[in-house]
Amino acid sequence: MAKERTFPLEFESQKPIYFHPAEPTTFDFDILEIGPGRGDLFLWCATNWPEKRLVGIELSGFRCKKLARRVEKRGLTNVLLIKGNARVVLPRYFDRPMFECIYVLFPDPWPKERHAFHRLLSVEFLHILGDRLKPDGQIVVATDWQPYADWVVANVGDIPSLCNEGTPYVSGMGLLPNNEPTRFEQMWRDEGRDIYYLRIRKQE
């Protein structure tokens, strides 16, 4: 029987991690977005909530550099960008509950079963996210692939500290603070795809 493939955490942990504007001396933030891409939601939150401290973890160095330029152009000082893998970054630098909200919008669904070990929102990683949420904090997930959404719902069911508030999905209206579609959401809607939103709450 072939050995089940798992995410190569040891290999990924050896890759360098970069910070913009610089690595802070303490990690204390209110909002996290994993995979902010071009930063549609991320920049809106940072601009409209100057009292909040935001951190974005982006796997793509190219996207991280472009987003850093957009942050600088707007003169935002409440933002930290980290280029790295969130499965490595979070356990390494964030060691306590601090986030009010974590956004994971349109992660790569890795639809082929043989690639499933790459999917981000595994039971193991959801445990990590839940541990970094404040009581009553939430994880907001969006995907255009229903099997991925159902997989996440099933994974949440294995974690007593987390509760999926949808049935199983929730309306996208009002879920994102600016009520505007991200670039990816608009692209998928223009192609006629449905969007599946999840709101996952941390329970006492």
Side-chain angles (χ1 to χ4, degrees), residues 1-15 17 27 29-37 41 55-60 82-172 175-176 184-185 188 194-204:
M1 179 181 294
K3 183 180 179 181
E4 182 180 354
R5 299 185 70 181
T6 58
F7 180 73
L9 184 60
E10 183 176 352
F11 173 76
E12 290 293 328
S13 297
Q14 298 174 16
K15 294 182 178 180
I17 294 171
F27 288 80
F29 293 87
D30 302 300
I31 297 171
L32 164 66
E33 184 171 5
I34 299 176
L41 177 67
V55 57
I57 304 175
E58 175 59 57
L59 188 61
S60 165
I82 305 177
K83 188 274 175 187
N85 193 302
R87 281 171 280 208
V88 175
V89 171
L90 277 169
R92 184 177 296 179
Y93 296 101
F94 300 85
D95 58 0
R96 60 183 177 80
M98 67 178 69
F99 297 116
E100 301 168 5
C101 189
I102 299 172
Y103 293 102
V104 188
L105 306 183
F106 303 99
D108 192 331
W110 295 97
K112 294 182 179 179
E113 195 59 37
R114 68 177 182 272
H115 297 150
F117 68 95
H118 285 296
R119 295 174 188 165
L120 181 65
L121 295 174
S122 63
V123 171
E124 294 76 15
F125 190 62
L126 283 167
H127 267 296
I128 292 172
L129 294 184
D131 287 344
R132 274 67 181 175
L133 280 176
K134 290 181 176 180
D136 204 41
Q138 63 177 347
I139 305 167
V140 174
V141 180
T143 179
D144 64 302
W145 197 54
Q146 186 175 0
Y148 188 89
D150 293 340
W151 177 75
V152 175
V153 169
N155 290 344
V156 171
D158 288 339
I159 305 173
S161 64
L162 297 179
C163 175
N164 176 41
E165 294 195 329
T167 55
Y169 318 121
V170 294
S171 169
L175 200 55
L176 300 185
F184 277 113
E185 178 174 354
W188 303 148
D194 292 325
I195 306 298
Y196 304 92
Y197 274 101
L198 304 176
R199 190 198 330 258
I200 302 161
R201 184 81 63 180
K202 183 171 184 177
Q203 305 181 104
E204 292 290 347

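Count residues from 1 along the sequence. Being a predicted model, the structure only gives us computed values, none of them experimental.
Contact check for Ile17 versus Tyr93: side-chain heavy atoms found under the 4.5 Å cut-off. Side-chain contact between Val55 and Ile82 is present, with heavy atoms from C-beta onward closer than 4.5 Å. Side chains of Thr143 and Val152 form no contact here, defined as non-hydrogen atoms less than 4.5 Å apart. Using a 4.5 Å heavy-atom threshold, the side chains of Leu105 and Glu33 count as touching. For the pair Leu129 and Ile34, the minimum side-chain heavy-atom distance is below 4.5 Å. You'll find the side chain of Glu58 stays beyond 4.5 Å of the side chain of Lys83, heavy atoms only. At a threshold of 4.5 Å between non-hydrogen side-chain atoms, the residues Leu90 and Phe99 count as touching. Phe7 is not listed as a side-chain neighbour of Ser122, based on a closest heavy-atom distance of 4.5 Å or more.
Listed for the Asn164 side chain is no donor-acceptor partner under 3.5 Å among the backbone atoms of Leu198. Put simply, the side chain of Lys202 never gets that close to the backbone of Gly137: no donor and acceptor are under 3.5 Å apart. Remark: side-chain polar atoms of Glu100 are not paired, donor with acceptor, to backbone N or O of Lys134 under 3.5 angstrom. The backbone N or O of Pro109 lies less than 3.5 Å from a partner atom in the side chain of Arg119, making a donor-acceptor pair.
Rounding to the nearest 0.5 Å places NZ of Lys112 at 10.5 Å from CH2 of Trp110. In this structure, the separation between CZ on Arg87 and CG on Leu9 is 8.5 Å, given to the nearest 0.5 Å. Note that CD1 of Ile31 is 11.0 Å distant from CD1 of Ile102, once rounded to the nearest 0.5 Å. Here CD1 of Ile128 is found 12.5 Å from CG of Leu133. Values are rounded to the nearest 0.5 Å. The CG atom of Leu176 lies 4.0 Å from the OH atom of Tyr197; values are rounded to the nearest 0.5 Å. The distance from the CZ atom of Arg92 to the CG atom of Asn85 is 10.0 Å, given to the nearest 0.5 Å.
Residues Asp158 and Pro160 come closest through the heavy atom pair O-CD, 3.7 Å. For the pair Ala149 and Tyr196, the tightest heavy-atom approach, listed with the atom from each and the gap, is CB-CB, 3.9 Å. The nearest pair of heavy atoms linking Pro168 to Val153 is CB-CG2, 3.9 Å. Among all heavy-atom pairs drawn from Gly84 and Ile57, the shortest one is O-CG2, 3.6 Å.
Note: Phe27 and Phe94 have perpendicular aromatic rings, judged against thresholds of 30 and 60 degrees for the angle between ring planes.
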* Verify side-chain contact (heavy atoms from CB on, under 4.5 Å) between Asp150 and Tyr169, making sure each step is shown before the conclusion. => CA-CA 9 Å; Asp150 293 340; Tyr169 318 121; 2.3 Å; yes
* **Verdict with supporting geometry, Leu120 and Tyr148, side-chain contact (heavy atoms from CB on, under 4.5 Å)** => CA-CA 10 Å; Leu120 181 65; Tyr148 188 89; 4.2 Å; yes
* Go through Val141 and Ile200 one step at a time and tell me if the side-chain contact (heavy atoms from CB on, under 4.5 Å) criterion holds. => CA-CA 8 Å; Val141 180; Ile200 302 161; 4.1 Å; yes
